[in-house]
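Letters go in sequence order (proteins before strands), and every chain restarts at 1. Note that the structure is a prediction, hence the values are computed from the model and not measured.
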Protein chains: 2
Amino acid sequence: MLIFRFFSRFSRGLALGMLLAFGAQAQADALPSWNDGAAKQAIVNFVQTTTRQDSPEFVAPAERIATFDQDGTLWVEHPMYAQVMYCFDRVPVVVKAKPELAKVEPFKTVLSGDHEAIAKLSMDDLFKILAATLTGISVDEFKAQAQQWLDTAKDSRWKRLHTELTYQPMQEVLQYLRANGYKTYIVTGGGQDFVRLYSERTYGIPPEQVVGTAGGTKYGYDKEGKPFLTKEPKLLLNDNNAGKPEGIHLMIGRRPHAAFGNSTGDQQMLEYTKAGEGTRLSMLVLHDDAKREYAYGPAQGLPNTHVGALTQTLYDEAQKQGWVVISMKKDWKRIFAFEP
Amino acid sequence: MLIFRFFSRFSRGLALGMLLAFGAQAQADALPSWNDGAAKQAIVNFVQTTTRQDSPEFVAPAERIATFDQDGTLWVEHPMYAQVMYCFDRVPVVVKAKPELAKVEPFKTVLSGDHEAIAKLSMDDLFKILAATLTGISVDEFKAQAQQWLDTAKDSRWKRLHTELTYQPMQEVLQYLRANGYKTYIVTGGGQDFVRLYSERTYGIPPEQVVGTAGGTKYGYDKEGKPFLTKEPKLLLNDNNAGKPEGIHLMIGRRPHAAFGNSTGDQQMLEYTKAGEGTRLSMLVLHDDAKREYAYGPAQGLPNTHVGALTQTLYDEAQKQGWVVISMKKDWKRIFAFEP
């Protein structure tokens, strides 16, 4: 009773902060963009089972770690990862500074604008483009360049900034887990420095809770003797497949209690999470909504041309291992926050 | 007024939590083990300047990062890093499993127990010992082995567990910074997996806030198909010298506002921190107390045989760059919590 009298005198924000600080769970529906069903129920059950003091599966607050893949799990990855679009968009700038690259592959193809030829570039070509556009510059230069792109580049279908194309139901899961004491991490195959630029504003996840594919940096001094870091073309962590649990060990040092992914690149993270003691939650987002988003992977519709998209094999493993599949079509009332 | 009436109805712990949550600063002396002087004043000034809402140098809570070297900054590093002692202590076990090593250097020398010969081992020899004792085992096996050592091995001078040999004044700095919204990190040349085992209990720093020298791990499956990680003899991050700011960028992604070190291995971290905009604090612990701890480096007394001990050159740079030197002898009322 006291708590309600107290609330009445303070702002709603403060009251909410208090509620969370005191460990009380929100009684109202924390997942309003989810339809009732097995997926929503699995999330709610997991939170209740691991955070209720009297639960035999109670997880100490310090151990509450949840990890989320980004591309295809938290935001749209189709028709191309946003960061790859960024690198393609940077190619003309890089070529302007080094005109000799204009006649060299794969830069020549990227500059041609021939979508079909670009789609056929090999992984080796892609790495050359990533190295040319993401490295050899200072960390601060990279931040400024990428931030400008993020603030202006629009997706071709919805004509919105990429950071607006996050899945509202997953935003609710992030908030719901945090409200119950979970530390939320992004564990992405995407570039760590890139995702860290917007993770706090977009997902409420601070940069230090973003684990991603990471290159080395090199410490040096400018002309005035002021130290700075240069991004090097040296891969430290390929945060895909087995690299995800390895990256989690490196950067977090604890096994997650919940993990969310959508592709073969997430398989090992989901296995590693589920193999821990006690109640663990592993979930896979199935892209089966051609109308509101895209359908690919086992949901067919679009051909599965993605690196690491959800394959039939992975879908079958999910069934076998007790991972819960999230159907975008059936489980999500709405996909984006901007939908009416 | 309301807030005081509110306090009276709740437990003291809860009231303290509220006080911190609301950003109020502790008014009592937060650094009771420090003598009044320039070092203590620098810490208090830094906290007040960066956390008072009306300060022109106010730092947003999310940006409040403070990094601490461990060996020689938070706990005793003399006469040998605790983790190196651990590795030497593991050698007989490793040799028992692989008897052929008994006749091979540097294992032969370590087994001889000849302190003089052991002290002369090269860095290459040391790396062989580290690789043999720290890698080729699962992460869980390593944790169990190292934990057992940490729970039992005693320092030769004080006859106490190594985790008891932390500097009480630095523990107070950690707590004081955290009470004012700073996220505290250990950034150590020591092994990340090793320090993470006791960081939470010993310093109140969770494993994910320990950045250290880190080797790779390899994801695999046991006979029952259960996934696990094996520690590999592959160096990912040498968290010393330039590796410290590089490691901070990799693991945290923000420049610290305060950094604490004691040796040449910390130079770049202190430079990098101090070179940031606004008020930044870089501090160096000087080991000049032969009676209560040790005296080495420019304080002489003991010869400077440490990898990365505080040299005269570094001490001179500290003066030039505006880093604040902490004299253990003059600035610290007591060194350890167990002192009367």
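- Closest heavy-atom contact between B:Ala275 and A:Lys226: O-CE, 3.3 Å.
- Only the side chain of B:Lys183 comes within contact range of chain A, judged by heavy atoms closer than 4.5 Å.
- Neither the backbone nor the side chain of B:Phe228 comes within contact range of chain A; no heavy atom of the residue lies under 4.5 Å from a heavy atom of that chain.
- In this structure, the side chains of A:Tyr219 and B:Asn241 stay at 4.5 Å or more apart for every pair of heavy atoms.
- Counting heavy-atom pairs closer than 4.5 Å to chain B, the top-ranked of the candidates A:Ala242, A:Gly243, A:Gly220, A:Gly247 is A:Ala242.
- Across every non-hydrogen atom of B:Leu236 and A:Leu250, the tightest pair is CD1-CD2, 4.0 Å.
- Under a cut-off of 6.0 angstrom, the local environment of OH in B:Tyr221 is crowded, with over 12 non-hydrogen atoms contributed by other residues, nucleotides or ligands.
- Across A:Gly253 and B:Lys143, no two heavy atoms sit closer than the pair O-NZ, 4.1 Å.
- Heavy-atom distances place no part of B:Val211 under 4.5 Å from chain A, backbone and side chain included.
- By number of non-hydrogen pairs under 4.5 angstrom with chain A, the leading residue of B:Arg254, B:Gln209, B:Gln192 is B:Arg254.
- Neither the backbone nor the side chain of B:Lys231 comes within contact range of chain A; no heavy atoms are under 4.5 Å apart.
- Taking 4.5 Å as the limit, every side-chain heavy atom of B:Pro227 sits out of range of all side-chain heavy atoms of A:Gln268.
- Between A:His249 and B:Val139 the shortest heavy-atom distance is CE1-CG1, 3.5 Å.
- The part of B:Leu229 that comes within reach of chain A is its side chain, from C-beta onward, which places non-hydrogen atoms under 4.5 angstrom from that chain.
- For the pair B:Glu208/A:Met251, no side-chain contact is recorded, criterion being any heavy-atom separation below 4.5 Å from C-beta on.
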